[in-house]
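Each remark here refers to the structure printed beneath this line.
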Amino acid sequence: MSKKINLKPRSMMYPAPAVIASAYDSDGKADACTLAFATMSSHLPPCLMIAINSTKKRKTLDDILETKEFVIGFPTINETVKFYRLFLFFYFFLR
């Protein structure tokens, strides 16, 4: 007979924010890209999982695979609002 397990609420990144992944290449040059997919994959130890399309040429992905290191940045709400306003301006007025 199977036993029911009570899954307690856990901290989640929801709704999923856009994040910024940055890495250095072997020459010490920094590069960054925005990612639409990042999620918690473990709580103990804390672990974050990201997804980068490997079928397209991505310098940041190449840097991460080469150095095995990267940093994730979470934009503040103010930065997100500024970006969204800039996007709307370019979308509606400069096309």
Side-chain angles (χ1 to χ4, degrees):
M1 184 168 146
S2 63
K3 181 179 176 182
K4 288 187 178 181
I5 300 172
N6 184 9
L7 299 176
K8 297 178 183 178
R10 303 279 187 216
S11 62
M12 295 179 67
M13 294 172 15
Y14 183 81
V19 298
I20 300 166
S22 58
Y24 287 101
D25 63 15
S26 58
D27 297 327
K29 184 177 177 186
D31 190 50
C33 68
T34 56
L35 301 175
F37 181 81
T39 188
M40 294 291 295
S41 60
S42 172
H43 296 281
L44 289 172
C47 225
L48 184 74
M49 180 175 61
I50 62 172
I52 302 176
N53 186 347
S54 64
T55 61
K56 295 187 177 184
K57 181 69 177 147
R58 306 275 188 219
K59 184 177 179 321
T60 306
L61 177 59
D62 292 341
D63 296 342
I64 292 170
L65 294 174
E66 180 182 351
T67 63
K68 307 286 191 262
E69 296 179 353
F70 65 96
V71 175
I72 297 293
F74 295 86
T76 65
I77 189 65
N78 290 335
E79 293 168 332
T80 305
V81 168
K82 287 178 188 176
F83 173 78
Y84 185 67
R85 288 179 179 161
L86 186 63
F87 165 77
L88 290 177
F89 174 77
F90 281 106
Y91 184 79
F92 288 108
F93 297 109
L94 298 179
R95 49 179 184 147

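Everything quoted here is computed from the prediction, not taken from an experiment.
Atom CG of D63 and atom NZ of K29 lie 9.5 Å apart (nearest 0.5 Å). With values rounded to the nearest 0.5 angstrom, I52 atom CD1 is found 8.0 Å from L65 atom CG. Distance check: Y84 OH to F89 CZ gives 15.5 Å after rounding to the nearest 0.5 Å. Atoms CD1 and CD1, on I20 and I72 in that order, are 9.5 Å from each other to the nearest 0.5 Å.
Hydrophobic clustering, defined by side-chain heavy atoms of Ile, Leu, Val, Met, Phe, Trp and Tyr closer than 4.5 Å, groups I77 together with V81.
A pairwise comparison of heavy atoms in V19 and A38 identifies CG2-CB, 3.8 Å as the closest pair. Nearest heavy atom pair, residue S26 against residue T67, reads N-CG2, 4.4 Å. The two residues G73 and P75 make their nearest non-hydrogen contact at O-CD, 3.6 Å. The two residues L48 and F74 make their nearest non-hydrogen contact at CD2-CZ, 4.4 Å.
For residues 17-26, the pairs satisfying salt bridge (Lys or Arg N to Asp or Glu O under 4.0 Å) are D25-K59, with sequence neighbours left out. Listed by first then second residue, pairs satisfying salt bridge (Lys or Arg N to Asp or Glu O under 4.0 Å) with a partner in residues 67-91 number zero, not counting sequence neighbours.
Residues D31 and D62 are not in side-chain contact: their nearest non-hydrogen atoms beyond the backbone lie 4.5 Å or more apart.
The cluster map of Ile, Leu, Val, Met, Phe, Trp and Tyr, joined by side-chain heavy atoms under 4.5 Å apart, puts L35 and L61 in the same cluster. Taking hydrophobic clusters as Ile, Leu, Val, Met, Phe, Trp and Tyr residues chained together by side-chain heavy-atom distances below 4.5 Å, M49 does not share a cluster with M40.
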